[in-house]
2 protein chains.
Amino acid sequence: MTEIETPSIRVLLCDDHVVVRAGLLALLDSAPGIEVVGEAGSGEEAVALAEKLRPDVVLMDLQLGAGIDGVEATRQIAPTGVHVLVLTTYDTDADITRAIGAGATGYLLKAERPEELFSAIHAAAQGRTTLSPPVASIVMARMRSPQPTLTERELEILGQLAQGLGNRDIARALFISEATVKTHLGRIYDKLGVDTRAGAVSVAKEQRLLG
Amino acid sequence: MTEIETPSIRVLLCDDHVVVRAGLLALLDSAPGIEVVGEAGSGEEAVALAEKLRPDVVLMDLQLGAGIDGVEATRQIAPTGVHVLVLTTYDTDADITRAIGAGATGYLLKAERPEELFSAIHAAAQGRTTLSPPVASIVMARMRSPQPTLTERELEILGQLAQGLGNRDIARALFISEATVKTHLGRIYDKLGVDTRAGAVSVAKEQRLLG
DNA sequence: CCCTGCGTCAACCGATCGGTTGACGCAGGT
DNA sequence: ACCTGCGTCAACCGATCGGTTGACGCAGGG
């Protein structure tokens, strides 16, 4: 028994919460066929370690406190051929879309059962996709009725809006005319299904479209 | 060695994320002198199990998805003499204040080192308070300059505001005059340090004053 | 008993917003 | 070459907002 028959899947953890990381480490170490080869507390660290350790799977949280977020880290890691499995709390449309767009292999919620996590890690190691049921539903729903996506510019406007700025101030901040701001706002209202600025900010914060 | 010299501290976990719970379980079981006697996935469950199991410490997350939140659960558990140690992601003013007000014995962030968690659990078991450094800072700051607290009524107004309602609609919804709404809004602006409704919603969402 | 905080209401004003219509240039894709 | 999406701008209107001042009743604490 000096030979390992099935080599363990080498996993890199990325989560800014030390306690959660430690917990996952303890949890995964108890699972057969999975070996945690590294931990990262930030997106930058994850990118560096992914390159250095070349794990089979990176278990990635999206919310990473300061620095680049999980989506950006995924965007940098995925092209190197390392599979990224997103494990996060949020099941909002915007997060899922961005993560998939960034090249995530799978998307699991922390509310998922541990066995699901284990099998998702196995799946991800082979490049197969696993989605938590609620996430899958959202993806399906979006396929059916492609939900409006805010453009870059509109997000900028929204950002200023959330600062409580008036149209004139927004116009000055972005070097455009007040009329343009109003045009954008109108489209934003349409896409978000609201008709006031306060409502727009509210929805934006809920959908996590803003920081 | 049939006798246990120092009986283990009996801990009840409460977190709506199964993976996190499993992780914490694995982590705490590896710690000497700590024994996890139960797990709850909701506030209601935590209240019931706390009464039934009478643990030494309840490790409580604040965000619990559906049902009552961690603060409410704490409010119900604390009076029974069971110590509640809050372990959460958020270090916002409002959360800390509410948790302490509800009777939490300590307040730790998930970003804390596991050793801190262990010692905080020991401390909590004896009724001693442990605060994460950032949390302690916030508490101190608040002592120095008692930050404006929104009244019940103002929070109601704020809630309507976040729905994107106009003053007239808010007035109707709360059975008061439009003038009163404006008066409240003026005070809300003052307290939140903004001067527009969009700004107020933004700050409110950031401070987690609203759902 | 007085004072403070809270919630309520009124009337006024200028500034701003929300909605509309119509238009132009530019890029990317077919 | 065409079309679509995006970003830009203009002018207009009524409705709404933000700010102000002043006022009342009621509860709780000193």
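When reading the values below, keep in mind they use all heavy atoms of this one structure, side chains included, and skip hydrogens, waters and symmetry mates. Within every chain, numbering begins at 1; the chains are lettered A, B, ... in the order of the sequence lines, protein sequences first and strands thereafter.
Counting distance only, with no hydrogens placed and no angle test, the side-chain atoms of Thr196(A) and the base atoms of dC17(C) include no donor-acceptor pair under 3.5 Å.
Nucleic acid contact class of Arg187(B) (heavy atoms, under 4.0 Å, all strands): base. Heavy atoms of Thr151(B) sit under 4.0 angstrom from primed sugar atoms or phosphate atoms, though from no base atom. Within 4.0 Å (heavy atoms only), Gly166(B) reaches sugar-phosphate atoms of the nucleic acid but no base atom.
Under the 3.5 Å distance criterion, the side-chain polar atoms of Glu45(A) are matched with a main-chain donor or acceptor of Gly41(A).
Minimum atom distance to the side chain of Thr183(B) is reached by dT8(C), of the listed dT8(C), dA10(D), dG18(D). The listed nucleotides are dT8(D), dC9(C), dG7(C); the one nearest the side chain of Thr180(B) is dC9(C). Each of dC17(C), dT8(C), dC17(D) was ranked by its minimum atom distance to the side chain of Arg197(A); first place goes to dC17(C).
For Arg168(B), no side-chain nitrogen or oxygen approaches OP1 or OP2 of dA15(D) to under 4.0 Å. Between dC9(C) and Ser177(B), a contact under 4.0 Å exists linking OP1 or OP2 to a side-chain N or O. Look at Asn167(A) and you won't find any side-chain N or O under 4.0 angstrom from OP1 or OP2 of dT16(C).
The two residues Ile188(A) and Glu154(A) come nearest to each other via the heavy atoms CD1-O, 3.4 Å. The two residues Leu12(A) and Ala40(A) make their nearest non-hydrogen contact at CD1-N, 4.4 Å.
Contact of the Thr151(B) side chain with the Lys191(B) side chain is registered, since non-hydrogen atoms from C-beta on lie closer than 4.5 Å.
Whole-Å rounding puts the Asp195(B) CG to dT20(D) P distance at 10 Å. Nucleotide dC6(C) holds its C1' atom 13 Å from the CD1 atom of Ile176(B), rounded to whole Å. Separating the NZ atom of Lys191(B) from the P atom of dC6(C) is a distance of 5 Å, rounded to the nearest angstrom. One atom, CG of Leu165(B), and another, C1' of dC17(D), lie 14 Å apart when rounded to the nearest Å. Residue Leu155(A) contributes atom CG, which lies 12 Å from atom P of dC6(D) at whole-angstrom precision. Atom P of nucleotide dT16(C) and atom CZ of Arg172(A) are separated by 9 Å, given to the nearest angstrom. Following rounding to the nearest Å, Lys182(B) (NZ) and dT21(D) (C1') show an atom-to-atom distance of 12 Å. As rounded to whole Å, 17 Å separates atom P of dC26(D) from atom CZ of Arg153(B).
Considering Asp91(A), Asp95(A), Asp93(A) in turn, Asp95(A) is the only one that fulfils the salt bridge (Lys or Arg N to Asp or Glu O under 4.0 Å) rule with Arg208(A).
Nearest-nucleotide positions on DNA chain C for Ala179(B) and Glu154(B) put Glu154(B) closer to the 5' end.
Under the Watson-Crick or G-U wobble criterion, with both distances below 3.5 Å, dG22(D) is paired with dC9(C).
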